[in-house]
There are 2 protein chains.
Amino acid sequence: MRSGPNAVAMSTTFPELFDRFSAALLPAETPDATILRFRSIARAIRLDSHGHAEFDPKAEQLAFVCVGSAKLVARASGGREQVVSFHFAGELACVPGGALHAYSIEALTPCELLAFPVGEFLDLARSEPAILSEVCDRVMVALHRASEKSVALGRKTAQERVCSFLVGMTERIGVRQGNGFAMRLPMSRRDIADALGLTNETISRQFAELRMSGIIETSGRSLVTVPDIGSLRDLGGYMQLPERNAA
Amino acid sequence: MRSGPNAVAMSTTFPELFDRFSAALLPAETPDATILRFRSIARAIRLDSHGHAEFDPKAEQLAFVCVGSAKLVARASGGREQVVSFHFAGELACVPGGALHAYSIEALTPCELLAFPVGEFLDLARSEPAILSEVCDRVMVALHRASEKSVALGRKTAQERVCSFLVGMTERIGVRQGNGFAMRLPMSRRDIADALGLTNETISRQFAELRMSGIIETSGRSLVTVPDIGSLRDLGGYMQLPERNAA
DNA sequence: CGGCGACTTGAGGGACGTCAAGGGGCGTGG
DNA sequence: CCACGCCCCTTGACGTCCCTCAAGTCGCCG
């Protein structure tokens, strides 16, 4: 592992970081010996805002986000970047190894991670089925998000992609505000563009249109409020699910 | 689960199907009682070519492909289809549940599957860490493929997408032929288009260009030969990995 | 061998990218 | 606390790649 120029020393101690990981993924009955082995293969990564962590391209990693938020980025030829996923505190990111693109994790806000080589991690997890099960669940959630994202990237218009994105973010980090939701997006327009396969200009234009239609309101660069999540969902290009009425 | 109009009775018996699943995913030391429980939650699905299987949209499924090849399809509004992944015999497909798009599995060739409700499957797997570990590995492979695909859908030109696709297919189903590889693609141009976020016309045009440049040769509708996989990879828009020379 | 459907090829249009310039939020320093 | 300035965001004009629509050909199965 190699940290970028913005890697920086921060406040949280390693034991504190490990405790957050442990609380989220290791069941209470995990033997101390096993916990210690996990500790021994965990590497702390502390990133300032926009700091990045590169990994050995041949070795797949599991990265647990202890504090802050980050993006998993893939690089293609010609300096093109694709944001594969956004991750918030408490989530697990899978950084592929041996792939045809170069992956890295970049901090959206000051961010602290624990990185594990996936091979050793799974070897340890095998001794505790509950851990393996939890990891399996989380990886499947990531796979489902990736599948839903494929539909957006492959078949949706710019407006639908932006609306889908906002629906997803509202569900993940939105806080209730009256009848609607509000959220502070930690990522830039450019990050959103790189996640949706668009350009920052197109994101700006779509945001402007959504503002005009009253679908969203914005304040400053990062605060977005959604008065009616239903209207946003209607613009997301989703399949009309028959049980929508029943719900 | 609900099978489409092309679902059809075929030759392989349920025990034979289950044996293929068992050989691939259940370790030799699995207790008979556990194996029987897996049998009891497995549902056989036999599909004629182009037959499709719809599942309860709320219940996530794991589908093991015993025989043939299939595609996992997501549907968005307006009849738009996105092929999320292709699957060949011996592979495991995750069919999302509770999603905002409608998923189904459709046969590319006559195809036999075993479908498991994911909750019950993982409950059983928890008793055998080796099974959980194998499933976890396979899901992570699927996630990596999805991540690589995000880059293609989000940031690559039509030619790069087609070349990436052919590189991937060559690795999965190509057979050595002289210095190159040959393969019989079981999916139509339209299927490829739906997987790459393009149209069948664009696929045709890209195939034509690759034929002109001597990068590929085709014979009939489905046979493709790749004289030099390196040239194809060079056109895939991949990151130039530094260790490429070392390999 | 005949017909259907998938594939191919062409012409034209549209959604989003590219390039460019101006405005404003937000952090910094005085 | 306020002023400054960087950089992100916004907005406009134009270009382009791929989609759409259409017609014709060919492979594959009966």
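We name chains A, B, ... by the order of the sequence lines, and we start the count at 1 in each one.
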For the side chain of A:Glu16 and the backbone of A:Thr13, is there at least one donor-acceptor N/O pair under 3.5 Å apart? yes
Start at the 5' end of DNA chain C and walk down; is the nucleotide closest to A:Thr202 or to A:Gly220 reached first? A:Thr202
Can a donor-acceptor pair be found, under 3.5 Å and without considering hydrogens, that links the side chain of A:Arg189 to the backbone of A:Ser204? no
Using atom types as modelled, flag every donor-acceptor pair under 3.5 Å from a side chain in residues 80-89 of chain A to any protein atom, sequence neighbours excluded.
{"residue": "A:Arg80", "atom": "NE", "partner": "A:Ser77", "partner atom": "O", "Å": "2.9"}
{"residue": "A:Arg80", "atom": "NH1", "partner": "B:Arg155", "partner atom": "O", "Å": "3.1"}
{"residue": "A:Arg80", "atom": "NH1", "partner": "B:Glu160", "partner atom": "OE1", "Å": "2.6"}
{"residue": "A:Arg80", "atom": "NH1", "partner": "B:Glu160", "partner atom": "OE2", "Å": "3.4"}
{"residue": "A:Arg80", "atom": "NH2", "partner": "A:Ser77", "partner atom": "O", "Å": "3.4"}
{"residue": "A:Arg80", "atom": "NH2", "partner": "A:Ser77", "partner atom": "OG", "Å": "2.9"}
{"residue": "A:Arg80", "atom": "NH2", "partner": "B:Glu160", "partner atom": "OE1", "Å": "3.4"}
{"residue": "A:Arg80", "atom": "NH2", "partner": "B:Glu160", "partner atom": "OE2", "Å": "2.8"}
{"residue": "A:Glu81", "atom": "OE2", "partner": "A:Arg75", "partner atom": "NH1", "Å": "2.4"}
{"residue": "A:Gln82", "atom": "NE2", "partner": "A:Asp194", "partner atom": "O", "Å": "3.2"}
{"residue": "A:Gln82", "atom": "NE2", "partner": "A:Ala195", "partner atom": "O", "Å": "3.2"}
{"residue": "A:Ser85", "atom": "OG", "partner": "A:His87", "partner atom": "NE2", "Å": "2.8"}

What contact category does B:Arg189 fall into here, base, sugar-phosphate, or nothing, at under 4.0 angstrom with non-hydrogen atoms? sugar-phosphate
First and last nucleotide of DNA chain D, 5' to 3', lying under 4.0 Å from heavy atoms of chain B: D:dC18 to D:dC28
Difference in axis direction between the ends of the helix from C:dC1-D:dG30 to C:dG30-D:dC1, five pairs, 10°: 60°
First and last nucleotide of DNA chain C in contact with chain B, 5' to 3', at under 4.0 Å to a heavy atom: what are they? C:dG5 to C:dA11
Under 4.0 Å between a Lys/Arg side-chain N and an Asp/Glu carboxylate O for B:Arg172 and B:Glu91? yes
Any donor-acceptor pair under 3.5 Å from A:Gln206 side chain to A:Ile203 backbone: no
Return yes if some donor-acceptor pair links the side-chain N/O of A:Thr202 with the main-chain N/O of A:Leu198 below 3.5 Å, else return no. no
Near DNA chain D, counting only heavy atoms under 4.0 Å, which residues of residues 154-170 of chain B show up? B:Thr157, B:Ala158
If only atom types and distance count, is the side chain of B:Thr109 paired as donor or acceptor with the main-chain N or O of B:Ser69 below 3.5 Å? yes
Taking any heavy-atom pair under 4.0 Å as a contact, classify A:Ser188: base, sugar-phosphate, or nothing. sugar-phosphate
Judged by atom type as modelled, is there a donor-acceptor pair below 3.5 Å linking the side chain of A:Arg161 to the main-chain atoms of A:Lys156? yes
How are the rings of A:Tyr103 and A:His101 set relative to one another: parallel (under 30°), tilted (30 to 60°) or perpendicular (over 60°)? perpendicular
Need to verify one output field. Residue with the more 5' nearest nucleotide on DNA chain D, B:Ser222 or B:Arg205? B:Arg205
Closest contact, heavy atoms only, B:Ala70 versus B:Cys111: CB-SG, 4.0 Å
With a 4.0 Å cut-off on heavy atoms, is A:Leu198 in touch with a base, just the backbone sugar-phosphate, or nothing at all? sugar-phosphate
Is the cationic atom of B:Arg233 (NZ for Lys, CZ for Arg) positioned less than 6.0 Å from the six-membered ring centroid of B:Tyr238 and within 45 degrees of its normal? no
Let me have the donor-acceptor pairs involving side chains of residues 173-186 of chain A, under 3.5 Å, with sequence neighbours excluded, atom names and distances please.
{"residue": "A:Arg176", "atom": "NH2", "partner": "A:Asn179", "partner atom": "O", "Å": "3.2"}
{"residue": "A:Arg184", "atom": "NH1", "partner": "A:Ser222", "partner atom": "OG", "Å": "3.0"}

Taking B:Ser49 for the side chain and B:Leu108 for the main chain, is one N or O donor matched with an acceptor at less than 3.5 Å? yes
